[in-house]
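Just so it is clear, the values below take in all heavy atoms, side chains as well, and ignore hydrogens, waters and symmetry mates. Each chain gets a letter, A, B and so on, in the order its sequence line appears, and its residues count up from 1.
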Amino acid sequence: MKNKLACLIADSVAACTQKGLLPDVNLPQIEIEVPANPDHGDYACNVAMILASQAKQNPRKIAQAIQENLNDTEGMIEKVQIAGPGFLNFMIKDDLWRKILRNILDQKEKYGCLGIGQGKKIQVEFVSANPTGPLHIGHARGAVVGDVLSNLLQTANYHVSKEYYINDAGNQMNNLGKSVLYRYRELLGETIEFPESCYKGDYIKEISADIIEKEGRRYLTENEEETVRYFNTVAGGVILEDIKKDLRDFGVTFDFYFSEKELYKENGVSDLLASLQKQGFIYSDGETLWFKTTAYGDDKDRVVIRKNGEPTYFAADIAYHQNKYARGFDILVDIWGADHHGYMPRLWAAVQALGHDKNDLKIILVQLVNLLRAGEPVAMSTRSGEFVTLREVLDEVGKDAARYNFLMRRSDSHLDFDLEVAKKQSNENPVFYVQYAHARICSILRMAQERGMALPAYENMNPSLLVEPEERTLIKMMARYPEMLEGAVKSLEVHRITFYLNELAGVFHSYYNKNKVVTDDAALTAARLVLVDAVRVVLGNALKILGVNAPEKM
RNA sequence: GCGCCCAUGGCUCAGCUGGAUAGAGCGCCAGACUACGAAUCUGGAUGUCGCAAGUUCGAAUCUUGCUGGGCGCACCA
């Protein structure tokens, strides 16, 4: 609808130019918005005001010229008004709005699918936590945002690949192996001073106990370095499997798990660094290798090979992103915790040195989560092993409520997650509000069916009976669903879907309380059944993108 | 000290990338089930959009400077 209107306006501006009503101007991007005030029409366009300065004419005069030259061949426009400083306010014909219902019923779960991705390959990398412990609530938010963004991009005709980068080659893993070894010794009777750098969670003990059960006490005497290496492989494997299971129960799956170790195979990292050095992006100061990230606006250059000869995390990350591009992705999306924001200029520098546009790598920052219980902060300390895990949240509040709660704010804003509120089945918890609307509609449809009034086909009802204000609002809102999705895709903002859902459910609930769907009036009932069924479809489609259930009963 | 993000009713947040009279939810007050599901609905009060300049037809939105908060500033990941 919006796009069609934009074309009409663009054509009209062209016609005006041709007729000499307007000078030869650069046509700006046509911005069409939905006015806050319904008196201002269904859509409003500000193009006349934008052209005013270029054309050196009164904006209202320009608006008038555009209005007079609109070539509305499809007859979609009911009325155009020029208002305020030069807005063009459009009223769309009711018939046209109502025809949206047919689209929804024809397309069903495809309603809202967009073509803007043009089949481009896009990779979304998220979670990517070290397999050194279970996922906690902070990871959960990133997991949902990444998962939902991927779903969203998929509906917009992007070819999406979801990836988890396993940081299994660094110091952390070494600490993990050590932690297991210390617990191993402790369980076998030795007195151990547990180092600060080690992981203290109970899951470490379980892994140690498991090794004892399977392989006995032989590692007490083996070479420590080799044992640590072995233990960190074992522990990393076990923990990663647990992580995968937790994610799966959270509704989050990945297409690919990429191990950092892969990058080092066949000298992958050092070859890449050598090649970048040859191109002048990397220089040596005699003991260390530096990447010249300042060439792309970073504050200072960054070390890629340490004095001790070990590559940094950044070095591997350069190789990783090069690997991603080599796999043919057109666009990369990285989802990070907001505490990593200082890392962005570095990686963008790397991407550009690798010959790509900065815009080919989108970085989404997800703010950390404040966990509360009934308003009181829950202490979280990773060191001590005291933190609320994703598993615990899932067990306590359930998948749907957990996911929905993480989607209620824009991802770069702080989020308070209150366990008590999230599991409350009350009006403080919007997930039920939306699900309830869906279940309610299902219930209506069931009941109508029982009373012998099955949902009619679009052709067998008269849409012009839908004249109540709430009915018109519902229809317009549903017509704008694809536009909302388009905005979400372009801005990579998944919270827009949540806000849309709350609003749509709200209008529906209000409508429901005011008007009966199933009445003695067969024709009206037929029309309203079609209407609420369309609402059901749109609610269901949007919830599906969120990975939240759309229940038929609650 | 430098950089990034944030500041919108009592609270938690939206505000469609510069538009028209700034919106929801929670909480508070008052109401609605002999009606398709009351996990719902209806009505009411609450704002110098942190402060000050600037840009223009027009600013919560863009620029600059302050104030206050969060986070970064590793040869950690």
Open item on the list: Taking the six-membered ring for Trp, are A:Tyr43 and A:Phe90 closer than 6.0 Å centroid to centroid?
Closed with: no

Open item on the list: Apply the syn/anti split at 90° from 0 to B:rU17 and say which one it is.
Closed with: syn

TODO: Hunt down the Watson-Crick or G-U wobble partner of B:rA20, both distances under 3.5 Å, from any strand shown, or write none.
DONE: none

TODO: For A:Ser413, answer base if it contacts any base atom (sugar-phosphate contacts may also be present), sugar-phosphate if it contacts only those atoms, and nothing otherwise; contact means non-hydrogen atoms under 4.0 Å.
DONE: sugar-phosphate

Open item on the list: Expressed as a whole number of angstroms, how long is the span from A:Leu51:CG to B:rC57:C1'?
Closed with: 14 Å

TODO: Assign A:Ala36 to base, sugar-phosphate, or nothing according to its heavy-atom contacts below 4.0 angstrom with the strands shown.
DONE: nothing

Open item on the list: Could you tell me how far B:rC6 sits from B:rA60 if I compare only their C1' atoms? Round to whole Å.
Closed with: 14 Å

Task: Nearest-Å distance once atom C1' is located in both B:rU56 and B:rU12 - done: 35 Å

Open item on the list: Please determine whether a side-chain nitrogen or oxygen atom of A:Tyr436 lies at a distance below 4.0 Å from atom OP1 or OP2 of B:rA39.
Closed with: yes

TODO: Just name whichever nucleotide pairs with B:rC71, Watson-Crick or G-U, keeping both distances under 3.5 Å, else none.
DONE: B:rG3

Open item on the list: Just to be sure I understand the rule, does A:Ala44 reach a base, reach only the sugar-phosphate, or reach nothing, if contact means heavy atoms closer than 4.0 Å?
Closed with: base

Open item on the list: Is it the case that the base of B:rA35 and the side chain of A:Asn515 share a donor-acceptor contact (distance under 3.5 Å, atom types as modelled)?
Closed with: no

TODO: May I ask you to say whether A:Lys324 pairs ionically with A:Asp334, meaning some side-chain N is under 4.0 Å from a carboxylate O?
DONE: yes

- [ ] Identify the nucleotide, in any strand shown, that forms a Watson-Crick or G-U wobble pair with B:rA14, with both distances under 3.5 Å; if there is none, say none.
- [x] none

Open item on the list: Roughly how many Å apart are B:rA52 and B:rG23, using the P atom of each and rounding to a whole number?
Closed with: 22 Å

Task: Pair assignment for B:rU42, Watson-Crick or G-U wobble, requiring both distances under 3.5 Å - done: B:rA30

Open item on the list: Using whole Å, what does the distance between atom P of nucleotide B:rG25 and atom CG of A:Asp416 come to?
Closed with: 20 Å

- [ ] Answer yes or no: is there a donor N or O on one side and an acceptor on the other, between the side chain of A:Thr525 and the main chain of A:Asp521, under 3.5 Å?
- [x] yes

Open item on the list: Taking any heavy-atom pair under 4.0 Å as a contact, classify A:Ala439: base, sugar-phosphate, or nothing.
Closed with: base

TODO: If the glycosidic angle is within 90 degrees of 0 it's syn, otherwise anti, so just tell me which one B:rC41 is.
DONE: anti

- [ ] Just name whichever nucleotide pairs with B:rU48, Watson-Crick or G-U, keeping both distances under 3.5 Å, else none.
- [x] none

Task: Given RNA chain B, 5'-ward residue of the pair A:Met344 and A:Ser443, judged by closest heavy atom - done: A:Met344

Open item on the list: Does A:Ser510 reach a base, just sugar-phosphate, or nothing at all? Heavy atoms under 4.0 Å.
Closed with: sugar-phosphate

TODO: Using whole Å, report how far CD of A:Glu503 lies from P of B:rG23.
DONE: 13 Å

Open item on the list: Can you identify which nucleotide, out of B:rA39, B:rC57, B:rA20, has its nearest atom closest to the A:Met49 side chain?
Closed with: B:rC57

Task: B:rG58 - base-pair partner by Watson-Crick or wobble geometry, distances under 3.5 Å - done: none

Open item on the list: Using a heavy-atom cut-off of 4.0 Å across all strands, would you classify A:Tyr512 as base, sugar-phosphate, or nothing?
Closed with: base

- [ ] Select base, sugar-phosphate, or nothing to describe what A:Pro85 touches, counting heavy atoms under 4.0 Å on all strands.
- [x] base

Open item on the list: Quick check on B:rG15: is either OP1 or OP2 less than 4.0 Å from any side-chain nitrogen or oxygen of A:His495?
Closed with: yes

Open item on the list: Taking only the C1' atom of each, what is the distance from B:rA7 to B:rC51 in whole angstrom?
Closed with: 11 Å

- [ ] Check the distance between B:rC36's C1' and A:Glu552's CD and give it to me in whole angstrom.
- [x] 16 Å

TODO: Please report the C-alpha distance between A:Gln435 and A:Asp400 in whole Å, then the side-chain angles of each, then the deciding distance to 0.1 Å, and finally whether the side chain to side chain donor-acceptor pair (under 3.5 Å) criterion is met.
DONE: CA-CA 10 Å; A:Gln435 288 184 319; A:Asp400 287 346; 3.0 Å; yes

Task: Main-chain N/O of A:Glu287 paired to A:Asp285 side chain as donor or acceptor, under 3.5 Å - done: yes

Task: Rounded distance in Å between the C1' positions of B:rG70 and B:rC57 - done: 38 Å

Task: Rounded distance in Å - NE2 (A:His40) to P (B:rA22) - done: 12 Å

- [ ] Assign A:Asp168 to base, sugar-phosphate, or nothing according to its heavy-atom contacts below 4.0 angstrom with the strands shown.
- [x] nothing

Task: Per-pair stack call A:Phe499 and B:rA14, 5.5 Å, 30° - done: no

Task: Sugar-phosphate, base or nothing in reach of A:Asp298, heavy atoms under 4.0 Å - done: nothing

TODO: Say whether, by atom type as modelled, one donor and one acceptor occur between the side chain of A:Arg346 and the main chain of A:Asp298 under 3.5 angstrom.
DONE: no

Task: Donor + acceptor pair across side chains of A:Asp301, A:Tyr283 (<3.5 Å) - done: yes

- [ ] Could you check how far NZ of A:Lys514 sits from P of B:rG37, rounded to whole Å?
- [x] 21 Å

Open item on the list: Counting only side-chain nitrogens and oxygens, does A:Tyr433 get under 4.0 Å of the OP1 or OP2 atom of B:rC41?
Closed with: yes

- [ ] Could you tell me whether A:Asn167 contacts a base, only the sugar-phosphate backbone, or nothing, with contacts defined as non-hydrogen atoms closer than 4.0 Å?
- [x] sugar-phosphate

- [ ] For A:Val304, report the nucleic acid contact type (base, sugar-phosphate, nothing); a contact means any heavy atom under 4.0 Å.
- [x] nothing

Task: N/O (side chain, A:Thr525) to phosphate O (OP1/OP2, B:rC36) under 4.0 Å - done: no

Task: Nearest-nucleotide pick for A:Asn89, side chain only, options being B:rU17, B:rA20, B:rU12 - done: B:rA20

Task: Closest heavy-atom pair and its distance - A:Lys300, A:Thr293 - done: O-OG1, 2.9 Å

Task: Nearest-Å distance once atom P is located in both B:rC11 and B:rC5 - done: 25 Å

- [ ] Give a yes/no answer on whether the side chain of A:Arg440 brings an N or O atom under 4.0 Å of OP1 or OP2 in B:rA38.
- [x] yes

Task: Selection from B:rG37, B:rG19, B:rA14 that lies nearest to any side-chain heavy atom of A:Lys553 - done: B:rG37

Task: Pairwise C1' distance, B:rG15 and B:rU8 [rounded to whole Å] - done: 9 Å

Open item on the list: Less than 4.0 angstrom from a charged side-chain N to a carboxylate O is my criterion; do A:Glu503 and A:Arg480 meet it?
Closed with: no

Hey, what are the protein-to-nucleotides 70-75 of chain B N/O distances that come in under 3.5 Å?
from, atom 1, to, atom 2, distance (Å)
B:rC71, O2, A:His341, NE2, 2.9
B:rA74, O5', A:Lys300, NZ, 3.4
B:rC75, O3', A:Arg306, NH1, 3.2
B:rC75, O2, A:Lys307, N, 2.7

- [ ] Could you measure between the two P atoms, the one in B:rA59 and the one in B:rA53, and give it in whole Å?
- [x] 14 Å

Task: Under 3.5 Å: donor-acceptor pair, side chain of A:Asn513, backbone of A:His509 - done: yes

TODO: Specify the separation, in whole Å, of atom CG of A:Asn174 and atom P of B:rA77.
DONE: 12 Å

Open item on the list: Rounded to the nearest 0.5 Å, what separates atom OG1 in A:Thr473 from atom CG in A:Leu504?
Closed with: 11.0 Å

TODO: In whole angstrom, give the distance that lies between atom CG of A:Leu263 and atom C1' of B:rA77.
DONE: 14 Å

- [ ] Report yes or no: does A:Tyr404 contribute a side-chain atom to a donor-acceptor pair with the main-chain N or O of A:Ala422 at less than 3.5 Å?
- [x] no

